Amino acid sequence: MKRTYFLIPLLFCGCLAPDPGHLAKTGEAAQSNAAIHKTRAPVQIDPEILISRTFGEAPILAEKVKKGELPPVSERLPENPLIVVPMDTIGQYGGVLRRALTGDIIQTAGTNKTLSENLMGFSRPLPDSIVHNLAESFEFHDEGRTAIFKIRKGIKWSDGVPFTVDDILFWYYDMTFDDNARPHNQPVPPSVWVVDGKPIDLKKIDDHTLEVSSSKPLGRVLHALCLDVIAQPKHHLSHLHPRYNPEATYEEFREQATNAMVIMKPGMPRLSAWVPVEWIRGQRIVYARNPYYWKIDTAGNQLPYADRIEFTVIQDPQVILLKFVNGELDLFGRYSRINMFPTLRTEEKKGKFKLRITGPDRGPAYYLNWDTPKPALREAFRNRDVRIALSYAINREEINQIVYHGLLDPAGYSFAPSNPHYSEAAYRKYAKFDPDKSRDLLDKAGYRDTDGDGWRELKDGSRFELNIDVVPGVGVDVSELVSEHWRSIGIKANLNISLRDIVWPRRLNGEFDIHHWGLEGPADPLGRLNDWAIMAPTVPFWHRNASKEGPAWLHEATMRIKKVLTTVDPIAVHEHMTNVRDLHTDNVPVIVVGSAYSIWGASTRLGNVPFQGSAADVHRGWGRPVFHEQIFIKQ
């Protein structure tokens, strides 16, 4: 059986359902998304622009064309450019978008989520559907076991070299699934590309046609093709790879193909709206417009609007905040914290920026280490009643008012409201503040204060004591209150406040009692497989021995998740994911405080900045929904 999906190339018109077996009608999707932002720009392009290929371009590029340094824009754009409906109006060319990062090499995600392109993508600013991107159409065959993707003909890398399927296969086979070439910080390939222990097969049909196939239906292939990377420039990197150059070494290849090098190194060909032209390590990264960018607005103007985007490295988020409110930065969101809300709200009145509040999305979570090196504490954490008691002991509304200024939705550990398999009852389970119930559960579980010192004892007679790893910031404020709540029921909780560079390796190596972090993937757990299922011998990180010692419910949840990954039946997907939700929620392996709203801001000198969005990592964080390529600087 074959299903073909070819969509009108308007970014908000090509809306796909969450799975390939259920497709939204184009007209309905366009109406829904158009209602979100009610743009003043044309919602359709004049067909004559596409027929005559009379496109607009930035003045600095037009000057290069005039000098013979660039081909005409009609030759630089693909046969079927992706058409973007601007958020508010047709923009103006020129200017610089100014942002900040707390680091360069250690903060590659900040630029990657902003700039990277894939075959498909989540709709923006709200990620409520999947849309075409580098790909203009796809087909499913053999009950979903095979998918054929058609790439837009004529897309070029930023150096003018054609983008083809060879670049995808190079990234996939020569980098991602070559154990010698893959970066050291990626010990295994992404689990989303593995079925029954074997890589999904990618095959070249022709330069612009990619076949993706597996022994089982490709239930998550569209989501996988919304992530940050799908290709690397083979023409630029292959001479460094031993498979293509006998004199090359894998060590050199890994050094030249790190995340930072392919994203930030000047001269590296890109498919993104801007390309790196300057990188002063530890200080700033500057990106200039890509003359071969393959998107246009509904007036036929090649995007992006801004000439450049600059990331200044500022290690302290508070300094980033200060520079933003002073008008030295244009966008502030990646490092915004809820404790900055009063300052932002006050400074907004000066008129230099407008504040946005979106969400709620993931909030503070406490990951109990089911394999902590402390045997008695490990036994306690594996006791369901203990975990329920810890959840009931937290006064979430107090945290909401004191720390979050009312911008926290108190809730427990479950799928977020934005998830299609959300349940209000599951979302609120074990979230009520009931310390008496906590004490009763602990008493019945055999964790009592037998010596009258005010602290309960573990089964080996030692004090029920635990340490919470937390990085400086709002997490400390939340954890101080949570630790007080747990102390009030007889559990001694201590804070281990350390920098991320210390806390993160402890998380990865299982060297913690409790790890405080934002809940991973509540909007789409399938986007964070290694946090919700036993997808490899040492995951999830909170139960590294789960493959051997994991509870039956976690093995069942894993089994169901794997079935979802290999089905295109939406009814079966919903049944499995509902069960996964309930298995996790009922057994509460992670203690969650609630879902937090995100606060961010944009300079009033910018146009087309969305007022809605998502900060969910599974939707590429805050940076992707902001839709940088169609933002412009008001003249």
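Note that the structure is predicted; figures quoted are calculated from it, not measured. Along the sequence shown, residues are numbered consecutively beginning with 1.
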Mind checking whether W294 and F163 have ring centres under 6.0 Å apart?
no

Distance-only polar pair, side chains of Y367 and D531, donor-acceptor under 3.5 Å
no

Give a yes or no on whether a salt bridge exists between K204 and D207, defined as a side-chain N under 4.0 angstrom from a carboxylate O.
yes

Salt-bridged, R507 to E520, with N to O below 4.0 Å?
yes

With distance as the sole criterion, is a donor-acceptor pair present between the side chains of Q256 and K265 under 3.5 Å?
yes

Between K234 and D174, does any NZ, NE, NH1 or NH2 come within less than 4.0 Å of an OD or OE carboxylate oxygen?
no

Less than 6.0 angstrom separating the ring centers of H584 and W532, yes or no?
yes

Got a salt bridge between K429 and D586, using NZ or NE/NH1/NH2 to carboxylate O under 4.0 Å?
yes

What I want to check is whether the side chains of D128 and S123 have a donor and an acceptor closer together than 3.5 Å.
yes

Scan side-chain atoms only and decide if S116 and N112 contain a donor-acceptor pair under the 3.5 Å cut-off.
yes

Residues D582, R560: salt bridge by 4.0 Å N-O rule:
no

Would you verify whether the NZ or CZ of R99 falls within 45 degrees of the ring axis of F311 while also being under 6.0 Å from that six-membered ring's centre?
no

Under a 3.5 Å threshold, yes or no: a donor from one side chain and an acceptor from the other, between E117 and N133?
yes

Here's one to test your reading of the geometry: is the NZ or CZ of R334 within 45 degrees of the ring axis of W622 and under 6.0 Å from its centre?
no

Decide whether H236 and D159 meet the rule of one side-chain donor and one side-chain acceptor closer than 3.5 Å.
no

Ring centers of F149, F138 separated by less than 6.0 Å:
yes

Between F415 and Y427, ring centroids under 6.0 Å
no

